[in-house]
There are 2 protein chains.
Amino acid sequence: MTEMQDVSETAAKERDVTDLVLEDILTGVLPAGTWLKQIDLEKRYDCTRPEVRRALDRLSQKRLVEHVPNRGYHVYLPDGRRAQEVSDIRVILETAVADLMVERATPESIAKLRQLARHFDQMTMVGTVLEHYEANLAFHRELLLLSGNHELVDLVSEIRQRTSSAPVSQWRTRARVERSAREHHMMVDALEARDVAGLKRLIEAHIRQTGDAAPAEGVARQA
Amino acid sequence: MTEMQDVSETAAKERDVTDLVLEDILTGVLPAGTWLKQIDLEKRYDCTRPEVRRALDRLSQKRLVEHVPNRGYHVYLPDGRRAQEVSDIRVILETAVADLMVERATPESIAKLRQLARHFDQMTMVGTVLEHYEANLAFHRELLLLSGNHELVDLVSEIRQRTSSAPVSQWRTRARVERSAREHHMMVDALEARDVAGLKRLIEAHIRQTGDAAPAEGVARQA
DNA sequence: GTTACCAAAATTGGCGCCAATTTAGGATAC
DNA sequence: GTATCCTAAATTGGCGCCAATTTTGGTAAC
């Protein structure tokens with residue numbers, strides 16, 4: 001089992017326990033399969049028993065941890081099929097509104113997206129895993145926000161968390177991260193050029209993390 | 001405020017409190033805006049205080065009730081824009097996999113869908129609001145299941161609950177319900193005829209509850 | 001040496017009490 | 001007669017204790 005000493009984060013004292021546990025799962029501090037003992041969490045986050053139980057209940061509702069009656073809670077083991085299905089859903093949702101995003105993009109929103117893409121670049125160099133993760137989240141939130149559908153933004157943020165360890169562990173390789181950073185800028189380019197088809201292709205490749213986003217440049221000249 | 005007497009449902013005694021409250025919200029027993037006092041719920045469902053609080057916390061995570069600190073929980077007021085956005089999301093998701101559904105449909109699955117559609121018809125005549133609601137849910141679950149994406153099935157079931165009172169209250173009109181029943185059968189027809197475009201059109205009209213199942217070329221049109 | 005059983009330690013989870021905050025009603029002052 | 005303040009009732013919500021179940025370690029029997 002993983003070490004579970006009290007880390008005494010006085011700065012993070014006031015934040016919600018659920019978020020703290022969530023962060024530690026997403027950043028890989030609590031690896032998949034780990035049994036989350038209530039006493040350990042109580043000490044680790046310096047909180048009370050009911051707070052721990054509320055957090056665990058919420059996370060099990062979000063399907064991030066599994067609850068086994070009279071046995072406890074443990075972090076979900078990576079499920080290849082489920083991860084694939086979540087990716088499929090994200091591709092459907094995020095490409096479906098590509099035309100809306102292009103339609104509603106303004107110079108101001110494009111500038112903001114560029115800034116967020118650059119911020120992600122910076123976090124690649126200096127920044128914790130969590131800051132990096134949140135920078136990525138912020139970029140995609142802002143991009144989706146262009147669709148005008150706030151529920152969609154929240155929903156994607158939600159299901160994105162469902163494949164916890166998989167994407168974060170993939171980020172461990174620097175090559176992968178650097179390509180993600182480049183793809184962010186390419187998406188903003190496609191948006192600026194009002195290239196819907198190219199944007200869709202980029203989004204799909206970005207989510208699937210496959211290499212083939214090749215013919216984006218060629219189509220970009222149209223419109 | 002609504003009456004909150006103990007209904008003494010001995011049959012439903014063993015079920016989870018969360019589901020019981022959820023049902024009462026979805027069926028309109030607890031109308032939008034109602035303040036859910038913990039003491040009342042305790043008596044109504046014959047359960048303990050912690051159980052009530054867990055249920056309320058879960059429902060507020062699902063965004064079905066709103067939590068106001070030191071004030072309590074109340075059923076979310078209907079939000080037209082949000083309902084519209086959820087509908088848009090459902091249209092995107094359910095039409096996106098129409099081709100997969102046609103591709104994977106077998107004589108057996110079509111027969112099962114027919115049976116579920118007929119079951120919905122029956123519940124139109126004899127059956128409580130809840131049974132009716134669940135019959136509808138069962139049909140759509142089975143239909144979506146054809147896509148092979150289990151996560152998608154769960155996700156749609158989830159977001160379907162986010163517009164609680166709106167769809168159920170619309171069901172109050174008999175004409176609306178009867179058209180829904182007819183549309184179910186038409187969907188199975190389209191599935192059997194392997195008519196992907198027609199199926200998509202039907203699904204969109206069914207979700208949007210608009211009469212025109214004619215020319216819906218785009219996927220996610222927004223007002 | 002291995003297996004089965006029993007007991008002790010640990011962990012989960014149900015439940016109720018009490019403090020803190022809010023709300024409503026009444027009394028008093030203007 | 002009305003507005004304001006103050007008090008009392010009601011409600012929320014934090015917290016800890018204890019019973020029930022599981023796990024683990026040791027011992028004895030085969």
Side-chain angles (χ1 to χ4, degrees), chain A residues 1-6 8-10 12-22 24-25 30-77, chain B residues 1-6 8-10 12-22 24-25 30-77:
Chain A
M1 145 111 53
T2 322
E3 268 290 309
M4 282 226 200
Q5 202 92 35
D6 185 352
S8 296
E9 305 173 35
T10 45
K13 188 69 171 294
E14 290 303 317
R15 297 180 54 194
D16 185 17
V17 191
T18 312
D19 291 335
L20 294 174
V21 182
L22 178 63
D24 284 346
I25 291 174
L30 298 172
T34 311
W35 282 94
L36 302 170
K37 290 186 192 141
Q38 298 182 6
I39 292 213
D40 290 334
L41 298 179
E42 209 172 324
K43 291 177 189 166
R44 192 176 206 285
Y45 302 107
D46 188 32
C47 57
T48 64
R49 180 62 62 96
E51 279 178 304
V52 169
R53 285 176 46 188
R54 184 157 51 99
L56 288 172
D57 186 66
R58 284 180 178 175
L59 292 173
S60 68
Q61 293 294 307
K62 284 187 179 175
R63 320 246 319 253
L64 264 143
V65 303
E66 188 182 11
H67 175 50
V68 186
N70 289 320
R71 292 279 303 275
Y73 299 79
H74 66 84
V75 183
Y76 254 102
L77 294 163
Chain B
M1 150 111 47
T2 321
E3 269 290 308
M4 282 224 198
Q5 200 93 33
D6 185 350
S8 297
E9 303 172 40
T10 45
K13 187 71 170 292
E14 289 302 317
R15 297 181 53 196
D16 186 17
V17 192
T18 313
D19 291 334
L20 294 174
V21 183
L22 179 62
D24 284 346
I25 291 174
L30 298 172
T34 311
W35 283 94
L36 302 170
K37 289 184 193 145
Q38 299 182 5
I39 292 214
D40 290 333
L41 297 179
E42 210 172 324
K43 291 176 190 167
R44 194 175 204 287
Y45 302 106
D46 187 31
C47 57
T48 63
R49 181 61 63 96
E51 279 178 304
V52 169
R53 282 168 58 181
R54 183 156 51 97
L56 288 172
D57 184 66
R58 283 181 178 175
L59 292 173
S60 69
Q61 292 296 307
K62 284 187 179 176
R63 318 232 334 238
L64 263 145
V65 304
E66 188 181 11
H67 175 51
V68 186
N70 290 321
R71 293 278 303 275
Y73 299 79
H74 66 86
V75 183
Y76 253 102
L77 294 164

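The chains referred to below are lettered A, B, ... by the order of the sequence lines, with proteins before strands, and numbering in each begins at 1.
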Judged by each residue's nearest nucleotide on DNA chain D, which is more toward the 5′ side, A:Asn70 or A:Pro50? A:Pro50
In this structure, how many angstroms lie between the P atom of C:dG14 and the CD atom of B:Glu51, rounded? 7 Å
Residue-phosphate contact under 4.0 Å: B:His67 side-chain N/O, D:dT12 OP1/OP2: no
Close side-chain approach of A:Leu36 to A:Leu59, heavy-atom, < 4.5 Å: no
Grab the CZ-P distance between B:Arg71 and D:dT12 for me, whole Å please. 11 Å
Nearest whole Å is fine: how far is D:dG13 C1' from B:Leu36 CG? 16 Å
Take the protein atom CD of A:Gln38 and the nucleotide atom P of D:dA20, then report the distance between them rounded to whole Å. 18 Å
Report yes if at least one side-chain N or O of B:Thr48 is closer than 4.0 Å to OP1 or OP2 of C:dG14; otherwise report no. no
Over all heavy atoms of both residues, which pair between B:Tyr76 and B:Arg63 is shortest? Give the atoms and the distance, please. CD1-O, 3.3 Å
Euclidean distance, atom CG of residue A:Asp57 to atom P of C:dT12 [Å, nearest integer]: 14 Å
Take the protein atom CZ of B:Arg53 and the nucleotide atom P of C:dG14, then report the distance between them rounded to whole Å. 14 Å
Pick the nucleotide of DNA chain D nearest each of A:Pro69 and A:Glu42; which residue has the one closer to the 5' end? A:Glu42
Rounded to whole angstrom units, what separation is found between the CD1 atom of A:Ile39 and the P atom of D:dT22? 18 Å
Identify the residue among A:Arg58, A:Gln61, A:Arg54 that makes a side chain to side chain donor-acceptor pair (under 3.5 Å) with B:Asp57. A:Arg58
Whole-Å distance between C:dT11 P and A:Leu41 CG? 12 Å
Within the 4.5 Å heavy-atom criterion, are A:Val68 and A:Trp35 side-chain neighbours or not? yes
